[in-house]
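A short write-up of the structure that comes next.
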Amino acid sequence: MRHFLTTITFAFGLTGFAASGLAATQYPLTISNCGQKVTFQKAPAKIVSIGQGMTEILFSLGLADKIAGTAVWVGPILPQYAEANGKIPRLADNDPSFESVVGKEPDLVAAEFEWHVGPQGSVGKREQFSELGINTYIAPTDCVAKVNADGGDGVRKELFTMDLIYQEIGELAEIFDVEDRGDALIADLKKREADAVASISGAKSKDLPILFWFSSKEVGGDAFIAGKNSAPAYILKTIGARNVVTTEEEWPLVGWETIAQANPAVIVIATMDRRRYAADDPKVKLEFLGKDPVTSQFDAVKNKHFVLMDAQSMNPTIRTIDGIEVLAKGIKSFGLAQ
């Protein structure tokens, strides 16, 4: 319901854009993006979006008519964009092929993660697209103070904050000459973030050890757990709780015996439609936690202190704000708020 109300407010706000007085984007426009200069001679007419978080920002900026194809999906689209999204070709649930992307003849490819479009791009390198006259844009959430050289989820050197999302929105709005919409969206998200922080005034949980489990390649194997500077870490800092992981890796693979030493009081479990890895299904996660001889001894498991959270709220996206609200509600319901 929150998203629906936000959409209505945003839609009415559009009526005042023409009179706002903001200057139009001046082309050619050159921006610095993830270590490269990118020049736009005009607003892109056709875009391929790789990454659900990127796609949802483009929808939020009113750019659905510009999207020629999407890829890399974790779960359902935000409800208010379901109809528009249904009309756009999905090139792949996971990584699309280079050929399928360029086959849409875009003048811009926008990627949420550098591993898809970057030096080691699984879809294609930036220079490959550039040689075909296609510009590329990578979300600053995945390259500012973050290193993706190992081919995994990368190493984040500084704590993620929503400012990186606001930077992404501002840059995309300028590229597409819709800066009024960008400003309105950023203002709305900042208000939601402030409201979310205010809503947890009774849920501060100093030093409460909390684990964010995204998935595992093998159900009983090492788990992808949120690192100390990830989006979940930002949620935990806002709540006042403690991450059980101290590494700078974004989503390190950690053994359950190691996690046992921290004995998490709450386990946040990612929910998703994706079935790429054996433990993507939240039901599989819950079953494992209850039956495994190591994990079944965790305080969180004994007390059934599980918080189910949409996987997109665990990624650096506009949904991270939802994650603050969801975890705060869970902590309150467990009686763990201080």
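In this structure, the side chains of Leu286 and Phe306 come closer than 4.5 Å at one or more pairs of heavy atoms. Side-chain contact between Ser60 and Arg181 is absent, with no heavy-atom pair separated by less than 4.5 Å. Side-chain contact between Met54 and Leu172 is present, with at least one heavy-atom pair separated by less than 4.5 Å.
Here the closest heavy-atom approach between residue Pro264 and residue Phe298 is recorded as CG-CD1, 3.8 Å. Contact between Ala92 and Trp73 at its shortest, heavy atoms only, is O-CD1, 4.0 Å. Residue Ala226 comes nearest to Asn243 through the heavy atom pair O-ND2, 3.2 Å, listed as atom of the first residue, atom of the second, then distance. Of all non-hydrogen atoms in Ala223 and Ser216, the two that sit nearest each other are CA-OG, 3.3 Å. Between Ile267 and Ala300, the closest heavy-atom pair is CG1-CB, 3.7 Å. Pairing each heavy atom of Asp280 with each of Lys285, the nearest pair is O-NZ, 3.1 Å.
Follow the hydrophobic side-chain contacts under 4.5 Å out from Ile175 and you reach Leu164 in the same cluster. Both Val178 and Val38 belong to a single network of hydrophobic side chains, linked directly or stepwise wherever heavy atoms of I, L, V, M, F, W or Y lie under 4.5 Å apart. Linking ILVMFWY residues whenever their side-chain heavy atoms come closer than 4.5 Å, directly or via other members, leaves Leu289 and Met309 in distinct clusters. Note on Val219: it clusters hydrophobically with Leu308, by side-chain heavy-atom contacts below 4.5 Å among ILVMFWY residues. In terms of hydrophobic clustering, with Ile, Leu, Val, Met, Phe, Trp and Tyr side chains grouped at heavy-atom distances under 4.5 Å, Val254 and Val284 are assigned to a common cluster.
In this structure a side-chain-to-backbone donor-acceptor pair under 3.5 Å is present from Thr320 to Asn315. Looking only at distances, no side-chain donor or acceptor of Asn135 sits under 3.5 Å from a matching main-chain atom of Leu108. Gln120 places no side-chain N or O within 3.5 Å of a backbone atom of Gly118 that could act as its donor or acceptor partner. Between the side chain of Ser100 and the main chain of Pro96, no donor-acceptor pair closer than 3.5 Å is present. The backbone N or O of Leu78 sits less than 3.5 Å from a side-chain atom of Glu56, completing a donor-acceptor pair. In this structure, Asp107 contributes its side chain and Ala45 its backbone to a donor-acceptor pair below 3.5 Å. The closest donor-acceptor contact from the side chain of Gln297 to the backbone of Val294 lies at 3.5 Å or more, if one exists at all. In this structure, the side chain of Glu193 does not engage the main chain of Ile321 through any donor-acceptor pair within 3.5 Å. A donor-acceptor distance shorter than 3.5 angstrom exists from the side chain of Asn263 to the backbone of Asp299, with no hydrogens or angles considered. Between the side chain of Gln312 and the main chain of Arg319, no donor-acceptor pair closer than 3.5 Å is present.
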Test ring pair (Phe, Tyr, Trp, His ring centres under 6.0 Å) on Tyr81 and Phe59 and set out the steps. CA-CA 7 Å; Tyr81 304 126; Phe59 277 130; 5.4 Å; yes

I'd like to know whether Asp322 forms a salt bridge (charged side-chain N to carboxylate O under 4.0 Å, His left out) with Arg192, so could you lay out the CA-CA distance, the side-chain angles of the two residues, the decisive distance to 0.1 Å, and finally the verdict. CA-CA 9 Å; Asp322 297 329; Arg192 286 190 53 219; 2.5 Å; yes

Using the rule given for salt bridge (charged side-chain N to carboxylate O under 4.0 Å, His left out), can you reason through Asp195 versus Lys191, listing the C-alpha separation, both sets of side-chain angles and the distance that settles it, and then say yes or no? CA-CA 6 Å; Asp195 290 345; Lys191 182 181 183 304; 2.9 Å; yes

Check the pair Ile57, Glu168 against side chain to side chain contact (heavy atoms under 4.5 Å, CB included), reporting the backbone distance first and the verdict last. CA-CA 9 Å; Ile57 286 179; Glu168 179 179 350; 3.5 Å; yes

Could you walk me through whether Leu58 and Ile67 pass side chain to side chain contact (heavy atoms under 4.5 Å, CB included), step by step? CA-CA 8 Å; Leu58 292 170; Ile67 304 175; 3.9 Å; yes

Using the rule given for salt bridge (charged side-chain N to carboxylate O under 4.0 Å, His left out), can you reason through Asp93 versus Arg274, listing the C-alpha separation, both sets of side-chain angles and the distance that settles it, and then say yes or no? CA-CA 8 Å; Asp93 288 337; Arg274 188 192 76 175; over 6 Å; no

Begin from the C-alpha positions of Glu287 and Lys291 and carry the test salt bridge (charged side-chain N to carboxylate O under 4.0 Å, His left out) through to its verdict. CA-CA 6 Å; Glu287 183 178 1; Lys291 291 183 177 181; 3.1 Å; yes

Test log, rule side chain to side chain contact (heavy atoms under 4.5 Å, CB included), inputs Arg275 and Asp281: CA-CA 7 Å; Arg275 294 295 180 264; Asp281 188 338; 3.7 Å; yes

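A salt bridge links Glu250 with Arg156: the closest approach of a Lys/Arg side-chain nitrogen to an acidic carboxylate oxygen falls below 4.0 angstrom. A salt bridge links Asp207 with Arg242: the closest approach of a Lys/Arg side-chain nitrogen to an acidic carboxylate oxygen falls below 4.0 angstrom.
At a cut-off of 3.5 Å, with distance as the only test, a side-chain donor of Asn33 or Arg126 sits close to an acceptor on the other residue. Glu171 and Tyr137 form a side-chain donor-acceptor contact under 3.5 Å, judged by distance and modelled atom types alone. No hydrogens or angles considered: a donor-acceptor pair under 3.5 Å links the side chains of Thr39 and Thr30. Residues Asp310 and Thr271 bring no donor and acceptor atom of their side chains to less than 3.5 Å of each other. Using a 3.5 Å distance cut-off with no hydrogens or angles, the side chains of Asp95 and His116 do pair a donor with an acceptor. Side chain to side chain, Lys146 and Asn148 meet the donor-acceptor criterion of an N or O pair below 3.5 Å.
With rounding to the nearest 0.5 angstrom, the CZ atom of Arg90 is 10.5 Å from the CD1 atom of Ile88. Rounded to the nearest 0.5 angstrom, Met162 CE and Ile235 CD1 are separated by 9.5 Å.
Ring pair Phe129/Phe98 is tilted by interplanar angle, where 30° to 60° counts as tilted. Using bins of under 30°, 30° to 60° and over 60° for the plane-to-plane angle, the ring pair Phe334/His305 lands in the parallel bin.
With Tyr277 as the fixed residue, the ring-ring contact (aromatic ring centres under 6.0 Å, His included) test singles out one of Phe214, Trp251, Phe224, Trp213: Phe224. With Leu91 as the partner, the side-chain contact (heavy atoms from CB on, under 4.5 Å) test is satisfied by one option alone out of Val48, Val72, Ile50: Val48. With Leu236 as reference, Ile210 is the one residue of Ile210, Val268, Ile324 to meet the side-chain contact (heavy atoms from CB on, under 4.5 Å) rule.
A cation-pi contact, defined as under 6.0 Å to the ring centre and within 45° of the axis, links Lys190 to Tyr166.
In this structure, Glu127 places its CD atom where more than 12 heavy-atom neighbours from other residues, nucleotides or ligands lie under 6.0 Å away.
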